[in-house]
Amino acid sequence: MNVTNAKYRNGPTVTEGVEPEVNIGVDCLVDGKHVVVPTDPANTHYAEIMRQVAAGELTIADAD
């Protein structure tokens, strides 16, 4: 899987009335196609992105 242009996407989450902005996904190109991968360890794309990050093969930019 070729992952490029990775950048976190922030979004709100509701926890006891508080709505902080958190990383909800990774905007990136996967094999040349734009996708938003949810930050879910059970997601195979996210697991591969995290493997590449741990191996030093990919960096994920901070969200705006």
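Only heavy atoms go into these numbers, but all of them, side chains included; no hydrogens, no water, no symmetry mates.
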Inset, instruction - May I ask you to check whether over 12 heavy atoms, not counting those of Asp64, lie within 6.0 Å of atom CG? - result: no

Inset, instruction - Taking all heavy atoms of Asn23 and all of Tyr8, pick out the closest pair and write down the distance. - result: OD1-CB, 3.5 Å

Inset, instruction - Please name the pair of heavy atoms, one in Cys28 and one in Thr4, separated by the smallest distance, quoted to 0.1 Å. - result: CB-O, 3.5 Å

Inset, instruction - Carefully, step by step, assess Tyr46 and Val37 under the rule side-chain contact (heavy atoms from CB on, under 4.5 Å). - result: CA-CA 6 Å; Tyr46 184 70; Val37 178; 3.7 Å; yes

Legend entry - Non-hydrogen atoms of Val26 and Ala6 that approach each other most closely: CG1-CB, 4.0 Å

Legend entry - Residue pair Asp27 / Val36: nearest heavy atoms and the distance that separates them: OD1-CG2, 2.8 Å

Inset, instruction - Write down the atom of Lys7, the atom of Asp62, and the distance for their closest heavy-atom approach. - result: CE-O, 3.3 Å

Inset, instruction - Quick one: pull up NZ in Lys33 and CG in Asn2 and give me the separation to the nearest 0.5 Å. - result: 13.0 Å

Inset, instruction - Calculate, to the nearest 0.5 Å, the distance between atoms CD1 and CG belonging to Ile60 and Asn5 respectively. - result: 12.5 Å

Legend entry - Same cluster (ILVMFWY, side-chain, under 4.5 Å), Val3 and Val35: yes

Inset, instruction - Return the minimal non-hydrogen interatomic distance between Met1 and Gln52, and the atom names on each side. - result: O-NE2, 3.1 Å

Inset, instruction - Using a 4.5 Å cut-off on heavy atoms from C-beta on, say whether the side chain of Met50 contacts that of Asn43. - result: no

